[in-house]
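Here's the structure we're looking at; comments come further down.
In what follows, chains are A, B, ... by sequence order, proteins preceding strands, each numbered from 1. Remember, it's a predicted structure, so these values are computed and weren't measured experimentally.
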Number of protein chains: 2
Amino acid sequence: MDFARKLKPHHLKLMVKISETAKLQFAADSIGMSQPAASRTLAEIETDIGAPLFIRSPKGMYPTPIGEAFVRHAQSILSGFETLESEVEGLGRGEMGEVKVGSVTGPAIRCLVPAILEIKKASPDIETTIEVGPSTEMVRRLEQAHFDFIIARLPHDYDSRAFHILPARSEVVSLLVRDTHPLAQESQVSLDDLSCYDWTIQERGSPIRSAIEEAFATNGTKIPSHITNTSSLVVMLGLLERSNTIAPLAEEVANMLTGPATGANLCTLNLDRKIMVSPYFVIMERGKQLSRAAERLLDAVLSRF
Amino acid sequence: MDFARKLKPHHLKLMVKISETAKLQFAADSIGMSQPAASRTLAEIETDIGAPLFIRSPKGMYPTPIGEAFVRHAQSILSGFETLESEVEGLGRGEMGEVKVGSVTGPAIRCLVPAILEIKKASPDIETTIEVGPSTEMVRRLEQAHFDFIIARLPHDYDSRAFHILPARSEVVSLLVRDTHPLAQESQVSLDDLSCYDWTIQERGSPIRSAIEEAFATNGTKIPSHITNTSSLVVMLGLLERSNTIAPLAEEVANMLTGPATGANLCTLNLDRKIMVSPYFVIMERGKQLSRAAERLLDAVLSRF
DNA sequence: AAGGCGCATCCCAAAAATGGTATGATGGCA
DNA sequence: TGCCATCATACCATTTTTGGGATGCGCCTT
């Protein structure tokens with residue numbers, strides 16, 4: 001029993017080669033050893049096993065049934081070693097692996113999607129998972145190690161020392177309307193022009209909602225009284241298409257929706273000021289060692305900030 | 001490159017043990033070597049690879065992504081060595097081989113039993129081991145190389161790329177009752193007729209239970225309120241014999257129980273629809289080399305799908 | 001601050017694996 | 001019969017591996 005103890009890939013290769021070439025000399029040559037060495041190696045394995053693997057003939061060697069089984073398994077084991085090597089090397093070079101990131105919508109479109117496309121192009125074997133959701137959820141799941149890193153706002157009630165926080169970027173709000181909206185063609189509109197329209201905004205407490213409310217407040221304008229609350233993009237689009245509602249969205253999202261790809265008949269209002277929402281950050285667990293793959297994605301993301 | 005050159009089964013075992021125990025000392029003990037030797041061995045492998053496989057913490061060692069990949073492949077390679085050994089030994093003793101399979105109940109009766117009978121008839125010396133249990137357990141044990149292959153459902157939380165998955169078959173549920181059951185003679189019954197009876201079903205989360213609940217839900221019928229939970233066939237039979245309970249079982253199992261062999265006074269209800277449970281598959285480790293005996297059984301099983 | 005736990009390192013020795021050259025042995029073939 | 005191809009053996013030198021024991025170092029717990 002356990003004759004496998006001593007078997008190194010080299011030995012297995014030899015056995016496979018013997019069965020392929022039927023000549024000890026060729027087999028030995030092909031893996032760079034001398035014929036006597038090969039002979040002895042084979043003999044040792046056979047005595048360990050207690051049975052001959054090849055029967056010798058003046059024309060060469062051919063396998064016994066046991067030898068056949070041995071070679072069959074040896075091939076499989078060797079291929080296991082090969083995939084082990086290639087996977088480990090791939091991981092070492094960061095060409096392979098798995099990255100999980102979470103993000104809020106704005107940067108997901110602006111940074112994450114292009115970054116992922118870049119990475120995938122260079123290393124298609126990297127497996128990426130992107131989840132999009134509110135900051136609080138992203139942070140919570142980061143803590144539970146669901147993500148390598150996230151792009152999100154930093155909730156106040158978290159100890160920021162537990163995280164490693166990378167450069168911030170502020171988000172700008174665009175006001176989206178359908179292109180038949182009365183104000184769509186105006187070269188410039190002010191907040192005062194807007195308060196009498198219907199608005200479709202995310203729920204109270206969301207960053208964009210807060211930014212909008214703050215903008216109206218500092219301007220001294222009455223906050224719009226007709227507001228539909230939803231964080232569902234689908235609902236927003238439905239309302240936008242069929243009414244003159246105004247929907248504030250992250251600039252990146254608005255650009256995507258008004259761009260050529262979607263073909264929707266939407267446009268943004270030219271507001272006379274910028275409305276900024278609280279900035280978002282790249283957040284990761286302090287001290288966590290990122291995988292190479294995650295590092296590469298992180299670099300790609302940061303270069304787009 | 002080719003760091004695998006020196007790797008003997010011993011080394012692979014050590015790596016696997018380290019990842020299992022998280023303690024170098026325990027790992028070393030379990031394979032009969034001293035802690036310093038293990039430390040050095042690990043260090044050597046790591047420098048060969050050029051990357052750490054485990055990160056050290058005061059509580060022990062846990063694997064890096066590369067380490068995980070290494071261990072995963074190591075397990076597979078080790079299982080290759082094991083089957084190599086066992087097949088070679090078997091052949092050396094003049095035996096035909098050994099097959100170990102796992103299965104969930106339905107196909108065990110439908111496919112596996114006839115297949116084994118066929119194989120045994122042709123080659124009585126083949127030693128077969130069949131274990132029956134829930135899919136999750138079967139898959140877990142397949143990963144640990146306890147089985148040559150299994151017939152089971154594919155749990156969602158496993159990376160299906162790690163396995164080789166062969167054709168699927170859906171299971172149909174039969175509703176079993178005793179032959180004196182009020183509905184036994186009906187030529188056709190509907191779900192609505194059934195919700196007022198006692199049911200004996202497997203625990204929540206089991207595939208059959210889910211299928212039943214889904215059937216009632218889509219039908220808009222109240223789910224039976226009197227349910228006895230058990231996965232024990234014995235208990236089920238006991239209840240069936242002594243009460244008007246309805247027991248849903250895989251069709252194959254029900255057919256066997258209502259067949260002439262058992263002589264039990266049970267029958268199946270003629271439900272007006274088919275209730276399907278999620279399909280099962282033949283699952284094996286990707287790249288694993290089956291023994292001849294296992295191959296033959298697999299062929300016999302597949303021909304019965 | 002002390003003690004415990006867990007891994008790393010150093011030193012040393014024994015064993016084994018490796019490998020090469022020269023040479024022997026055997027069966028087939030001309 | 002004599003030669004050739006093929007594997008086996010003997011002998012020798014070297015390298016690699018393996019292992020044990022003692023000890024150092026870092027971190028957490030008490």
Side-chain angles (χ1 to χ4, degrees), chain A residues 2-64 66-67 70-71 74 162 286-289, chain B residues 2-64 67 70-71 81:
Chain A
D2 73 9
F3 54 82
R5 240 172 341 125
K6 316 180 185 176
L7 295 177
K8 294 206 287 210
H10 203 192
H11 299 131
L12 303 179
K13 267 193 206 112
L14 178 60
M15 297 301 115
V16 172
K17 285 291 180 189
I18 294 177
S19 98
E20 278 174 6
T21 63
K23 300 275 192 299
L24 196 53
Q25 182 69 64
F26 296 168
D29 287 351
S30 78
I31 60 172
M33 70 195 299
S34 67
Q35 175 268 321
S39 174
R40 189 163 41 100
T41 304
L42 169 57
E44 272 166 12
I45 294 175
E46 284 178 325
T47 56
D48 279 349
I49 289 180
L53 294 181
F54 294 91
I55 53 180
R56 282 71 166 169
S57 90
K59 310 194 168 184
M61 303 188 144
Y62 57 95
T64 63
I66 296 185
F70 189 106
V71 168
R286 182 167 293 282
K288 164 152 179 172
Q289 170 78 32
Chain B
D2 73 9
F3 53 83
R5 238 173 340 122
K6 317 181 184 176
L7 294 177
K8 294 205 287 214
H10 202 79
H11 298 129
L12 303 180
K13 265 192 207 115
L14 177 60
M15 296 301 117
V16 171
K17 285 291 181 187
I18 294 178
S19 96
E20 279 174 5
T21 63
K23 300 274 192 299
L24 195 54
Q25 181 70 62
F26 296 168
D29 287 350
S30 77
I31 60 172
M33 71 194 299
S34 67
Q35 175 268 320
S39 174
R40 200 186 37 191
T41 303
L42 169 58
E44 272 165 12
I45 294 176
E46 284 178 329
T47 58
D48 279 349
I49 289 180
L53 294 181
F54 293 90
I55 72 171
R56 282 70 165 171
S57 90
K59 307 197 166 182
M61 302 189 146
Y62 56 97
T64 62
F70 190 106
V71 168
F81 275 114

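Note that the CZ atom of B/Phe70 and the CD1 atom of B/Ile49 stand 5.0 Å from one another [nearest 0.5 Å]. Here the CZ atom belonging to B/Phe81 is positioned 5.0 Å from the CG atom belonging to A/Leu12, to the nearest 0.5 angstrom.
Counting only residues at least two apart or in different chains, side chain to side chain donor-acceptor pair (under 3.5 Å) contacts with residues 27-45 of chain B comprise B/Gln25-B/Asp29.
With sequence neighbours excluded, the residues that form a side-chain contact (heavy atoms from CB on, under 4.5 Å) with B/Lys6 are B/Asp48. Contacts of A/Arg56 classified as side-chain hydrogen bond (donor to acceptor under 3.5 Å, both in side chains), with partners at least two apart in sequence or in another chain: A/Glu46. Scored by the side-chain contact (heavy atoms from CB on, under 4.5 Å) test, B/Thr47 finds no partners at all (sequence neighbours excluded).
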Between the protein and nucleotides 6-14 of chain D, list every N/O to N/O distance that falls short of 3.5 Å.
unit_1 : atom_1 : unit_2  : atom_2 : d
D/dC7  : OP1    : A/Leu24 : N      : 2.7
D/dC7  : OP2    : A/Leu24 : N      : 3.4
D/dA8  : OP1    : A/Arg56 : NE     : 2.5
D/dA8  : OP1    : A/Arg56 : NH2    : 3.0
D/dA8  : OP2    : A/Ser39 : OG     : 2.9
D/dA8  : N7     : A/Gln35 : NE2    : 3.2
D/dA8  : N6     : A/Gln35 : OE1    : 3.4

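Using a 4.5 Å heavy-atom cutoff, the side chains of B/Ile18 and B/Val71 are not in contact. A/Phe26 places none of its side-chain heavy atoms less than 4.5 Å from the side chain of A/Lys17.
With rounding to whole Å, B/His10 atom NE2 is found 15 Å from D/dT16 atom C1'.
For DNA chain C, the outermost nucleotides in 5' to 3' order that have an atom under 4.0 Å from a heavy atom of chain B are C/dG6 to C/dT9.
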